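Read through the structure below, which is laid out as structure tokens, and then see the notes.
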Amino acid sequence: MKFAAIPAAALFLFAAPLQAETYDVKMFNRAESGPMTYEPAFLHIAPGDTVRFLPAQPGHNAATIEGMIPEGAIPFKSKINETFSVTLTVPGSYGIKCSPHFAMGMVMLIEVGDAPAPGLPADLPARARSRFEAILAAHPQ
């Protein structure tokens, strides 16, 4: 019986684990996209990827919005002015807010895996709702 020789490089490809990615999100008082923004305002990532929130300007944090995370996901809230990383493993849509600037519309959306567009809670502040609607319009599902 003959066996085909498999190049060593091919074996490495099969044996190498998939590498998770890290995505940076900057938090601004004012940027080209406007006041009180996360840049980017939308991320599509794979389950197991990490999002690192960077305070490019002072006074911001990152926190999940109640009613805007997938079932089974763990809510999070970072400290003000601190770099914060979170690894998201549960597929679905995550609404993120800056706690002090939520009413000013400082929100973003992270889509983990293939997820339907999220429903927007009825009690969202008007500016946050408007920004989410713009994000969803720019990134249709």
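Bear in mind the structure is a predicted one, so any value in this text is a computation, not a measurement. Residues: numbered from 1 along the sequence shown.
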Task: Main-chain N/O of Gly48 paired with Thr87 side-chain donor or acceptor, under 3.5 Å - done: no

- [ ] Provide the full list of salt bridge (charged side-chain N to carboxylate O under 4.0 Å, His left out) pairs with a residue in residues 72-86, sequence neighbours left out, each pair given once.
- [x] none

Task: Side-chain donor-acceptor contact under 3.5 Å, Glu39 with Ser33 - done: yes

Task: Pro55 versus Thr83, closest heavy-atom pair with distance - done: CD-OG1, 3.6 Å

Task: Residue Arg127 excluded, over 12 heavy atoms near CZ under 6.0 Å - done: no

Open item on the list: Main chain of Arg30, side chain of Gln57: is a donor-acceptor contact present, judged purely on distance under 3.5 Å?
Closed with: yes

Task: Which atom of Ala63 lies closest to which atom of Ser99, heavy atoms considered - done: CB-OG, 3.8 Å

- [ ] Search all heavy atoms of Gly67 against all heavy atoms of Pro121 and return the closest pair with its distance.
- [x] O-CG, 4.3 Å

TODO: Indicate the atoms forming the closest heavy-atom contact of Gly92 with Pro70, along with that distance.
DONE: CA-CG, 3.6 Å

- [ ] Flag the pair Leu136 / Phe42 as yes when at least one side-chain heavy-atom distance between them is below 4.5 Å, and no otherwise.
- [x] no

TODO: Looking only at non-hydrogen atoms, find the nearest pair between Ala103 and Pro125 and report the distance.
DONE: CA-CB, 3.8 Å

TODO: Of all the heavy-atom pairs spanning Ala31 and Thr37, show the shortest one and how long it is.
DONE: CB-OG1, 3.8 Å

TODO: Calculate, to the nearest 0.5 Å, the distance between atoms NZ and CG belonging to Lys97 and Asn61 respectively.
DONE: 8.5 Å

Open item on the list: Checking one residue: Met104. Which other hydrophobic residues are in its cluster under the side-chain 4.5 Å linking rule?
Closed with: Tyr23, Val25, Met27, Met36, Tyr38, Leu43, Ile45, Val51, Phe53, Ile69, Phe76, Phe84, Val86, Leu88, Val90, Tyr94, Ile96, Met106, Met108, Ile110, Val112

Open item on the list: Considering only residues two or more places apart or on different chains, which pairs with a residue in residues 49-67 satisfy salt bridge (charged side-chain N to carboxylate O under 4.0 Å, His left out)?
Closed with: Asp24-Arg52

Open item on the list: Does either side chain, that of Asn29 or that of His60, offer a donor lying less than 3.5 Å from an acceptor on the other one?
Closed with: yes

Open item on the list: Quick one, Asp114 and Pro91 - any side-chain contact, counting heavy atoms below 4.5 Å?
Closed with: no

Open item on the list: Within the 4.5 Å heavy-atom criterion, are Thr22 and Ser85 side-chain neighbours or not?
Closed with: no

TODO: Check whether any side-chain N or O of Arg131 sits under 3.5 Å from a backbone N or O of Gly105 as a donor-acceptor pair, and report yes or no.
DONE: yes

